[in-house]
Amino acid sequence: MHKNLVQDSAFFLCKALHFYFAIHKLAVDIRKALKKWNVKGIIDNEKNIYSVSQDTKLLSKVFELYVTPILYKFAEKYHLEIEPAQTQIQYPDYSLRGDVLGLGEKWLALDLKSTTRNADNPERIGGFTLGSFRGALRNPTSTQYSRFPYVDYGAHWCLCFVYTRANNVNEHTVYSLDEINKIPDAVKNIDVYIQEKFKLAWYTPGSGNTANIGSVKTIKDIVDGTGPFGELGEYVFEDYWRNYLRKEDAKQLGLDKQPYTNIKSYLEWQKSQEKG
């Protein structure tokens, strides 16, 4: 019995190590590709080139288009099923499944995120939004918000692109194909990191009054996975955001105030729920 337990433990450890090697190898491959970044713009059938702007949504899509072939090669190499999101707002950007992931029949959710470095402190970033806390997370058996039901995912990871805005970008000039080398880059110093979603998450919404989960705002926290839920674990992250109420949400429910607004008040709220 003891021998079987040791063998099983060794097997699962080997699978886990293989998975972590594979997922981080993906980041390495993309990082190498980004060193050759040479995206200049959009070309029409008359060979006019419109330079890439610094609009964050546009750049996010450009990053996605740039790395999609790499993701599919990665899936082919490790014999993975890969399914892209069917709409722009569907979670996640890519769903992957296969033996190397060690998740059985469950999928791995891979979301692509991008943000800028802080101009005054390059170790700080603008931050990401990590998806809605009122969508798939609160409707785990539905496919209304996600490619597959949330319960069918065994792991949630983010591929994070961090870049610096370049200077001297001219979005008003139309270039010819012969002038392609004259087109200034919209971004520079692109780097990529891969981390589990719950380790990147913050305890407040990501932007203004939206229902999106916020993120850490330092590169160190991305690399080390030292967001506030990093040590608390994925279960606490999901429970926190499933039950999180904004001020207007609490008001609609007839509550005087939000049940909690940070980790400390969440843990107090959780204890009160257990007593109740």
Side-chain angles (χ1 to χ4, degrees), residues 23 60 64 83-97 101 103-115 127-160 194-217 221-222 225-253 255 257-274:
I23 203 73
S60 293
E64 180 183 342
E83 293 285 348
Q86 295 177 319
T87 67
Q88 189 176 355
I89 61 172
Q90 191 177 61
Y91 176 81
D93 291 318
Y94 293 93
S95 300
L96 299 100
R97 182 169 67 177
L101 302 179
L103 298 173
E105 290 300 309
K106 289 188 177 291
W107 294 88
L108 179 142
L110 184 65
D111 240 8
L112 277 55
K113 302 294 177 183
S114 61
T115 190
F128 318 100
T129 53
L130 299 177
S132 172
F133 53 81
R134 296 198 300 184
L137 196 58
R138 295 186 182 181
N139 299 272
T141 60
S142 171
T143 56
Q144 181 179 354
Y145 303 99
S146 54
R147 180 67 180 85
F148 300 102
Y150 192 86
V151 293
D152 288 349
Y153 290 91
H156 302 263
W157 287 71
C158 292
L159 193 60
C160 307
I194 193 161
Q195 187 57 266
E196 290 180 272
K197 181 177 176 177
F198 78 92
K199 294 180 180 179
L200 296 174
W202 200 244
Y203 54 80
T204 56
S207 56
N209 209 26
T210 66
N212 289 314
I213 300 169
S215 78
V216 296
K217 292 193 174 182
D221 280 338
I222 295 176
T226 46
F229 296 99
E231 291 187 2
L232 295 171
E234 191 168 25
Y235 173 82
V236 172
F237 157 72
E238 292 184 343
D239 189 63
Y240 182 99
W241 283 108
R242 277 196 181 108
N243 293 286
Y244 184 87
L245 297 177
R246 300 171 300 171
K247 288 181 179 179
E248 59 268 39
D249 299 328
K251 186 176 181 180
Q252 287 178 2
L253 291 172
L255 302 176
K257 62 178 182 178
Q258 295 167 269
Y260 54 83
T261 56
N262 53 41
I263 300 295
K264 181 181 178 182
S265 56
Y266 161 76
L267 294 174
E268 292 171 352
W269 171 83
Q270 190 181 53
K271 285 181 179 179
S272 70
Q273 295 298 109
E274 292 173 355

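Numbers here are sequence positions counted from 1.
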Could you pull out all residues at least two apart from Y145 that satisfy ring pair (Phe, Tyr, Trp, His ring centres under 6.0 Å)?
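By the ring pair (Phe, Tyr, Trp, His ring centres under 6.0 Å) rule, Y145 matches no residue at all.
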Please confirm whether Y260 and Y240 have ring centers closer than 6.0 angstrom.
yes
Near-ring test F198/F229, centroid separation under 6.0 angstrom:
no
Donor-acceptor under 3.5 Å ([X] side chain, [Y] main chain):
{"X": "S142", "Y": "N139", "value": "no"}
{"X": "K199", "Y": "I222", "value": "no"}
{"X": "Q90", "Y": "A85", "value": "no"}
{"X": "Y94", "Y": "D111", "value": "no"}
{"X": "R138", "Y": "W241", "value": "yes"}

Apply side chain to side chain donor-acceptor pair (under 3.5 Å) to the pair T226 and D221, showing each step before the final yes or no.
CA-CA 5 Å; T226 46; D221 280 338; 2.5 Å; yes
How about NZ on K106, more than 12 heavy atoms from neighbouring residues, nucleotides or ligands closer than 6.0 Å, or not?
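Above 12, so yes.
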Mark yes when over 12 heavy atoms from residues, nucleotides or ligands other than L253 sit less than 6.0 Å from its CG; otherwise mark no.
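Yes, enclosed.
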With a 4.0 Å cut-off, would you call K247 and D249 a salt bridge?
no
Any idea how H156 and Y91 line up, ring-wise: parallel (<30°), tilted (30 to 60°), or perpendicular (>60°)?
parallel
